[in-house]
Amino acid sequence: MKPRVLIVEDEPGIADTLQYALRTEGFDPAWVATGEEALAQVKAQPPALVILDVGLPDTSGFEVFKRVREFSDVPVVFLTARSDEIDRVVGLELGADDYVAKPFSPRELVARVRSILRRSAKPPAPPPVAPTPPLVVDEGKRQIRFYGALLELSRYEFGLLQTLAARPGHVFSRDTLLDKVWDDSDSLDRTVDAHVKTLRAKMKLVAPTLEPIRTHRGSGYALAEDLPASLPA
Ligand code: CA
């Protein structure tokens, strides 16, 4: 998005020059010639910055500035033509962001605009990070990610980890696991143990310091409930 800069200036020649200079430098200029239009524009389409001529046909730029400040903090750069105007702006009784005296170099004015916008830019808010659980099971693809890393799992390893991950902290007995994951009833308890062992080895490659599958002596296995939200450094 190009920053929108509103030019409030009743002299078309100056407005044209400014619009051209701003457009060339990557801004999106808009131009109005009166104070009333300026107020309406700032309300309707809040610009990133206003370049405000002091001598306007309907009112003074100072008056426009005061009225803008009633509802907007938009940065304002005054264009001044007379030394008494400059004195007033410089006296900062108005609190404008900057001023440029006519005649001015469009390039210099654009440089000021750029620096004011940089100064007033709020640091972008970090995008909200949805917490990703350490284990993400994709049943459709039969894939499990562990801290984002895709685990290469055999059919039984997948079934085992999927079962454990469905209820972190819950202790599954070997019999229950055999029943849920293995379809032939001839498998043995040590089948479960062997697969837990290979599963652990694969998870260790991703998180060497963690113990995601806990052994509960005599009763079975459980997925750790206290896995950190992100991989320890
Ligand atoms: Ca003027």
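As the structure lists them, so they are numbered: ligands from 1, and atoms in each ligand from 1. We count residues from 1, following the sequence as given. These numbers come from a predicted model, not from an experiment.
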- request: Please determine if Arg67 and Glu63 form a salt bridge, counting it only when a charged side-chain N lies under 4.0 Å from a carboxylate O.
  value: no
Closer than 3.0 Å to the Ca ion (ligand 1) - protein N, O or S atoms, ordered by chain and residue number: Asp10 OD1, Asp53 OD2, Gly55 O
- line: Across all chains, not counting sequence neighbours, the side chain to side chain donor-acceptor pair (under 3.5 Å) partners of Ser173 are Thr176
query: Does a side-chain heavy-atom distance below 4.5 Å link Asp10 with Thr34?
result: no
All side chain to side chain donor-acceptor pair (under 3.5 Å) counterparts of Thr198, not counting sequence neighbours: Glu157
query: Taking only residues two or more places apart in sequence or in another chain, which ones pass side chain to side chain donor-acceptor pair (under 3.5 Å) with Glu70?
result: none
- request: Determine, using the 4.5 Å side-chain heavy-atom cutoff (strictly less than), whether Phe71 and Val76 are members of one ILVMFWY cluster.
  value: yes
